[in-house]
Amino acid sequence: MRIATWNINGLTARQSFLEHWLAARSPDLVGIQEIKTADDKFPHMAFAAAGYQAVTHGQKGWNGVAVLSRERVEIVQRGLPGHEESARFLHVRAGELDFITVYCPNGKTLQHEDFPRKLEWYDALADHLARTVDPSKPAVLCGDMNVCPAPLDSWNDALFAGQIFHTDAERSRFRRLLEIGFVDAFRSLHTDARTFSWWDYRAGAFHKGQGLRIDFLLATPTVMKRVRSVEIDRDYRKKKDALVPSDHAPVLADLE
DNA sequence: ATGACGCCTTCCAGGCGA
């Protein structure tokens with residue numbers, strides 16, 4: 001079984017690119033973020049033709065998450081309770097697996113009012129997961145977390161020390177997800193790899209290796225036992241047949 | 001030093017992303 005997460009930066013702009021990737025990688029279960037599309041505008045037919053059922057928690061213009069699955073899934077929860085004003089949370093059940101995808105708030109800067117809101121959102125997420133996820137059972141929490149959990153996850157941790165994505169406040173929120181019982185699958189298999197999942201579109205950041213690792217597949221121990229590989233699909237951060245890529249790369253894991 | 005690219009929108013300049 002192949003699972004994945006990907007911030008696609010706009011479904012309308014990325015649909016062909018996403019379909020290209022689905023055909024090339026054949027994932028079974030995918031969390032996508034930033035679809036920026038309302039539920040009633042989601043192109044279900046196109047994904048059904050590619051063999052995927054889509055479950056969406058969409059929003060016009062901003063945010064929006066969805067799950068694409070080859071096998072039938074059922075909705076457990078759409079929207080983070082108490083924070084339904086932005087579409088950032090979707091929990092589905094795929095057989096025995098609880099699969100949750102999130103698009104965490106960005107926060108902008110430490111001075112911006114969005115920063116304390118980001119921390120509050122994280123606290124609400126952790127509270128909700130602690131109540132609703134049994135860490136002894138198979139579960140995956142994936143998505144764009146908008147945090148570099150450790151210096152190794154940033155192209156220049158010294159330059160950005162104490163700035164957005166690099167603060168102790170954000171890192172402690174990320175750690176709380178691990179304390180609930182989730183394991184960072186990529187880091188677990190690649191202890192020392194300085195591998196990123198996002199690169200700014202501007203100034204040739206991708207080619208200069210100036211990226212961040214902010215997209216994660218977090219899995220409970222029963223899932224981790226089945227993990228055979230975890231990779232960041234940086235080939236899909238490149239232009240593909242003249243199609244423009246997202247600024248994020250997909251993260252993929254193969255489970256036994 | 002600044003902006004840099006690409007997304008979106010009651011529509012095309014301006015906000016936002018990370």
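Below, chains carry the letters A, B, ... as their sequence lines are ordered, and counting in each starts from 1.
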So which of residues 143-156 of chain A are in contact with DNA chain B, with a heavy-atom cut-off of under 4.0 Å?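 Only A/D144, A/N146 qualify.
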Would you classify B/dC11 as syn or anti? Syn applies when the glycosidic angle is within 90° of 0.
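Classified anti.
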Cluster companions of A/L152 among Ile, Leu, Val, Met, Phe, Trp, Tyr (side-chain spacing under 4.5 Å):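 ILVMFWY cluster around A/L152 holds nothing else.
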**Prompt:** Which ILVMFWY residues can you reach from A/I100 by hopping between side chains whose heavy atoms are under 4.5 Å apart?
**Reply:**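 Listed partners: A/L80, A/F89, A/V102, A/W121, A/Y122, A/L125, A/L129, A/V133, A/L141, A/M145, A/V147, A/F174, A/L177, A/L178, A/I180, A/F182, A/F216, A/L218.
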Strictly by salt bridge (charged side-chain N to carboxylate O under 4.0 Å, His left out), give each pair with a member in residues 195-206 of chain A just once, sequence neighbours left out.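 Listed by first then second residue: A/D200-A/R202.
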What is the distance, to the nearest angstrom, from the [atom1] atom on [X] to the [atom2] atom on [N]?
| X | N | atom1 | atom2 | value |
| --- | --- | --- | --- | --- |
| A/Y103 | B/dG17 | OH | C1' | 6 Å |
| A/W198 | B/dC7 | CH2 | P | 15 Å |
| A/I8 | B/dG17 | CD1 | P | 17 Å |
| A/F17 | B/dG6 | CZ | P | 12 Å |
| A/Q15 | B/dC7 | CD | P | 14 Å |
| A/Y201 | B/dG3 | OH | C1' | 17 Å |

message: Can you check the distance between B/dG14 and B/dG3, where both ends of the measurement are the C1' atom (answer in whole Å)?
response: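 After rounding to an integer number of Å, I get 16 Å for this pair.
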Suppose we call two aromatic rings close when their centres sit under 6.0 Å apart. Are A/W21 and A/W6 close by that rule?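 So the answer is yes for these two rings.
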- Between A/R88 and A/D144, does a salt bridge (charged side-chain N to carboxylate O under 4.0 Å, His left out) hold up when you go through it step by step? CA-CA 10 Å; A/R88 298 177 178 276; A/D144 176 356; over 6 Å; no
Base, sugar-phosphate, or nothing: which does [X] touch, judged by heavy atoms less than 4.0 Å apart?
| X | value |
| --- | --- |
| A/I164 | nothing |
| A/H166 | nothing |
| A/F160 | nothing |
| A/N7 | sugar-phosphate |

**Request:** List in chain and number order the residues that pass side chain to side chain donor-acceptor pair (under 3.5 Å) with A/R171, two or more places apart in sequence or in another chain; answer none if no residue qualifies.
**Result:**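 With neighbours one apart ignored, the set is A/D157.
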*With sequence neighbours excluded, what pairs up with A/D123 under the salt bridge (Lys or Arg N to Asp or Glu O under 4.0 Å) test?*
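With neighbours one apart ignored, the set is A/R173.
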Under 3.5 Å, which protein N or O atoms sit close to an N or O of nucleotides 8-14 of chain B? Give each pair with its distance.
unit_1 : atom_1 : unit_2 : atom_2 : d
B/dT10 : OP2    : A/K60  : NZ     : 3.2

Tell me which pairs pass side chain to side chain donor-acceptor pair (under 3.5 Å) where either residue lies in residues 22-31 of chain A, with sequence neighbours left out.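 For residues 22-31 of chain A: A/R25-A/D233.
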Distance-only donor-acceptor hits, side chain of residues 43-50 of chain A, under 3.5 Å, sequence neighbours excluded:
none

